[in-house]
**Student:** 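Before we start, here is the structure in question, set down as structure tokens.
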Amino acid sequence: MAALSKSIPHNCYEIGHTWHPSCRVSFLQITGGALEESLKIYAPLYLIAAILRKRKLDYYLHKLLPEILQSASFLTANGALYMAFFCILRKILGKFYSWTPGFGAALPASYVAILIERKSRRGLLTIYMANLATETLFRMGVARGTITTLRNGEHYLRKKCPFVLHHSCHVHVLFQRQPDFGRGNIDEESRCKDGLKGFTFSALRFIVGKEEIPTHSFSPEAAFAKVEQKREQHKEKPRRMNMIGLVRKFVDSICKHGPRHRCCKHYEDNCISYCIKGFIRMFSVGYLIQCCLRIPSAFRHLFTQPSRLLSLFYNKENFQLGAFLGSFVSIYKGTSCFLRWIRNLDDELHAIIAGFLAGISMMFYKSTTISMYLASKLVETMYFKGIEAGKVPYFPHADTIIYSISTAICFQAAVMEVQTLRPSYWKFLLRLTKGKFAVMNRKVLDVFGTGASKHFQDFIPRLDPRYTTVTPELPTEFS
């Protein structure tokens, strides 16, 4: 462990912005690059989200661009302010300590940045960064020998986290008077009236279907009325059958006379058809998601390697995600229907059992990121449950504080021991800074004992001796 009191006399040019000696110019370059990448990230993200949510024209005209700019400003500020506080701390302290290049500069920068972001997104960002920081701290402990890894521990986590998903999400739903993360006061008006809100609820409802979410009024009379109305519309407007329609007709013909329990809310289908359609729907979604993610890389090789376009559609990862989502939904729905038949009632306990059994589907698509995220959601859920029961205190603005500390931990790892950072996040930092995060003078930081230059052994920055406080390690082109 690097001693906190140990220091080095180098300036910010020698350690941080080695590509240019001016702090102002470096700050502007980081800002420009971060803004460009932020817009590339958030513009398509918000546009696709708006299309999937079937937003009205008014949203595209008045809200889409401001939301894109606000989130892009948040991400830009996170990178740019880090560079600013990096230089400010060096000027204030007069030297670098082991904590200043990473944690010290990132903590105030991330705190200011998260305040720019919309409140509705702060909770999701906090959970993501918190589980990333937890994973980073764990790897730091393993690298130092202070933590012993459990054999097959990651496999155990992956197997149990699908259970955590449904257990935590349904606990969210059942405890409907849940305070929002980060609000200043807890009163009846500030509590969530409809249970779980935001991304998690939307994702859960999209995956398992609104029939399995007990947070909306759903009367049998209204359901049957909608079914009859749809049938009349199909009779009035006969349309040419497409591929999806043919598949649906085929499934209906197989399961036409299947059973449906009186407690089931899927009034348009019987239980067998309900499970089969759920599998086909989510398998298609998973397959299309992976195809869309591979489109940019495939089109880059369109002219040089045209054969790579075939891998866009016939790729193992495409089918893995589809199999995971499809089997996840079908097992969950099938178990829920089976328990309704066995117990002759609809109980919230079914969600826990169904979610646990649906964990088998994780064998098709193993993801530590998903597991860590779901584990974080469970901790958040239990915290809210404790607040409702009066067992734990409520901390105002907890989301901003946790986000700031978590981000600072990850930046500390990115500077001092990048080998402990999740590779995907390291690539994200390189993209956000246009590769400038990789040109820090980490050989000088090796004195703190964290192996900062472990993956940068061949890199030595070419510094101008006129702006350095310590003679550079090797002669440069400057005289």
**Student:** Contact between Phe279 and Phe328 at the side-chain level, heavy atoms closer than 4.5 Å - yes or no?
**Tutor:** no
**Student:** Can you give me the closest heavy-atom contact between Pro9 and Lys95, atom names plus distance?
**Tutor:**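 Nearest pair, atom of Pro9 first, then Lys95: CA-CB, 4.4 Å.
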**Student:** So, using ring-ring contact (aromatic ring centres under 6.0 Å, His included) as the criterion, who are the partners of Phe428 when residues are at least two apart?
**Tutor:**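 If we apply the ring-ring contact (aromatic ring centres under 6.0 Å, His included) test to Phe428, skipping adjacent residues, the hits are Tyr425.
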**Student:** How close do Ser73 and Ile116 get, counting heavy atoms only, and between which atoms?
**Tutor:** CB-CG2, 4.1 Å
**Student:** Under the criterion side chain to side chain donor-acceptor pair (under 3.5 Å), I'd like the reasoning laid out for Ser71 against Tyr46: C-alpha separation, chi angles, the key distance, then a yes or no.
**Tutor:** CA-CA 10 Å; Ser71 293; Tyr46 274 83; 2.5 Å; yes
**Student:** Can you confirm whether or not the ring centre of Phe86 sits under 6.0 Å from the ring centre of Phe27?
**Tutor:**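 No, ring centres 6.0 Å or more apart.
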**Student:** Do Asp446 and Ser453 meet the criterion of a side-chain donor-acceptor pair at a distance under 3.5 Å?
**Tutor:**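 On atom types as modelled, these side chains qualify, holding a pair under 3.5 Å.
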**Student:** Under a 4.5 Å cut-off applied to non-hydrogen side-chain atoms, are Ile68 and Leu64 in contact?
**Tutor:** yes
**Student:** Could you state the interatomic distance from CZ (Arg442) to CD (Gln457), rounded to the nearest 0.5 Å?
**Tutor:**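 That separation rounds to 12.0 Å.
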**Student:** Give a yes or no on whether a salt bridge exists between Arg122 and Glu117, defined as a side-chain N under 4.0 angstrom from a carboxylate O.
**Tutor:** no
**Student:** If we only count heavy atoms from C-beta on, is the His10 to Arg90 side-chain gap below 4.5 Å?
**Tutor:**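 Side-chain contact under 4.5 Å: no.
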**Student:** Nearest heavy-atom pair of Cys12 and Cys23: which atoms, and what distance?
**Tutor:**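 In terms of heavy atoms, the two residues are closest at SG-SG, 3.4 Å.
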**Student:** Check whether any side-chain N or O of Thr400 sits under 3.5 Å from a backbone N or O of His397 as a donor-acceptor pair, and report yes or no.
**Tutor:** yes
**Student:** Give a yes or no answer on whether the side chain of Lys6 reaches the backbone of Val447 with a donor-acceptor pair at less than 3.5 Å.
**Tutor:** yes
**Student:** Given 3.5 Å as the limit, does a donor-acceptor pair link the side chain of Gln412 with the main chain of Ser98, or not?
**Tutor:**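 It does hold such a pair.
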**Student:** Less than 4.5 Å apart, any side-chain heavy atom of Phe283 and any of Leu325?
**Tutor:**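 Not in contact.
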**Student:** Return the CG to NE2 distance between Leu57 and His62, rounded to the nearest 0.5 Å.
**Tutor:**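 Leu57 CG to His62 NE2: 8.5 Å, rounded to 0.5 Å.
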**Student:** Return yes if some donor-acceptor pair links the side-chain N/O of Glu37 with the main-chain N/O of Lys434 below 3.5 Å, else return no.
**Tutor:**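 Such a contact is absent between Glu37 side chain and Lys434 backbone.
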**Student:** Would a distance-only check, ignoring hydrogens and angles, find a side-chain to backbone donor-acceptor pair under 3.5 Å from Thr18 to Asn441?
**Tutor:**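 The answer is no, because no donor-acceptor pair under 3.5 Å joins these two groups.
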**Student:** If the test is side-chain contact (heavy atoms from CB on, under 4.5 Å), which one of Leu39, Ile30, Leu35 qualifies with Thr76?
**Tutor:** Leu35
**Student:** Whether the Asn78 and Tyr111 side chains hold a donor-acceptor pair (N or O, under 3.5 Å, no angle test) is what I'd like checked.
**Tutor:** no
**Student:** Could you check if a side-chain atom of Trp426 sits within less than 4.5 angstrom of a side-chain atom of Phe437, using non-hydrogen atoms only?
**Tutor:** yes
**Student:** Could you tell me whether the side chain of Leu445 reaches within less than 4.5 Å of the side chain of Phe448, counting heavy atoms only?
**Tutor:** yes
**Student:** Counting N and O atoms only, with roles assigned by atom type, does the side chain of Thr433 sit under 3.5 Å from a partner on the main chain of Leu429, one being a donor and the other an acceptor?
**Tutor:**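 Checking the backbone N and O of Leu429 against the side chain of Thr433, a donor-acceptor pair under 3.5 Å is found.
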**Student:** Would you give the length of the straight line joining atom NZ of Lys436 to atom NE2 of His20, rounded to the nearest 0.5 angstrom?
**Tutor:** 11.0 Å
**Student:** Could you walk me through whether Ser330 and Met282 pass the side-chain contact (heavy atoms from CB on, under 4.5 Å) check?
**Tutor:** CA-CA 9 Å; Ser330 59; Met282 291 312 302; over 6 Å; no
**Student:** Please assess Phe103 against Phe411 for the test side-chain contact (heavy atoms from CB on, under 4.5 Å), listing each intermediate value before the final yes or no.
**Tutor:** CA-CA 6 Å; Phe103 190 91; Phe411 270 71; over 6 Å; no
**Student:** Could you tell me whether Lys63 and Glu67 have a side-chain N and a carboxylate O separated by less than 4.0 Å?
**Tutor:**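 Looking at Glu67 together with Lys63, the answer is no, because their closest N to O distance does not fall below 4.0 Å.
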**Student:** Between Gln419 and His455, is there a donor-acceptor pair closer than 3.5 Å when you use the side chain of the first and the backbone of the second?
**Tutor:** no
**Student:** Just wondering, do Thr420 and Glu417 contact through their side chains at under 4.5 Å, heavy atoms?
**Tutor:**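 The answer is yes, as the side chains (C-beta and beyond) meet within the 4.5 Å cut-off.
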**Student:** Among Val444, Ile8, Thr468, which residue satisfies the side-chain contact (heavy atoms from CB on, under 4.5 Å) criterion with Glu14?
**Tutor:**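 One option only clears the test, and that one is Thr468.
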**Student:** side-chain contact (heavy atoms from CB on, under 4.5 Å) between Tyr42 and Leu69: does it pass, once the steps are laid out?
**Tutor:** CA-CA 8 Å; Tyr42 282 110; Leu69 293 177; over 6 Å; no
**Student:** Within this structure, what is the OG-NE2 distance for the pair Ser22 and His17, rounded to the nearest 0.5 Å?
**Tutor:** 7.5 Å
**Student:** If you look at every heavy atom in Thr134 and Ala130, which pair is closest and at what distance?
**Tutor:**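 Shortest heavy-atom contact: OG1-O, 2.8 Å.
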**Student:** What is the distance from atom CD1 of Ile401 to atom CD1 of Ile114, rounded to the nearest 0.5 Å?
**Tutor:** 12.0 Å
**Student:** Any Lys/Arg nitrogen of Arg466 or Asp464 sitting under 4.0 Å from an Asp/Glu carboxylate oxygen of the other?
**Tutor:** yes
**Student:** Does Phe85 have any ring-ring contact (aromatic ring centres under 6.0 Å, His included) partners at least two apart in sequence or in another chain, and if so, which?
**Tutor:** none
**Student:** Check step by step if ring-ring contact (aromatic ring centres under 6.0 Å, His included) holds for Phe319 and Tyr287.
**Tutor:** CA-CA 6 Å; Phe319 295 99; Tyr287 178 82; 5.4 Å; yes
**Student:** Taking the side chain as every heavy atom from C-beta outward, state whether Ser7 and Phe96 have any atom pair closer than 4.5 Å.
**Tutor:**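 No, their side chains stay 4.5 Å or more apart.
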**Student:** Do side-chain atoms of Asp399 reach the backbone of Lys119 as a donor and acceptor pair under 3.5 angstrom?
**Tutor:** no
**Student:** Side chain of Ser38, backbone of Leu75: donor and acceptor closer than 3.5 Å?
**Tutor:** no
**Student:** What are the two closest heavy atoms between Ala414 and Leu421, and how far apart are they?
**Tutor:** CB-CD2, 3.8 Å
**Student:** Quick check: closest heavy atoms across Gly286 and Leu321, and the distance to 0.1 Å?
**Tutor:**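 The answer is O-CD2, 3.4 Å.
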**Student:** Roughly how far, to the nearest 0.5 Å, is CH2 of Trp19 from CD of Gln29?
**Tutor:**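 Going from CD on Gln29 over to CH2 on Trp19, the span is 7.0 Å.
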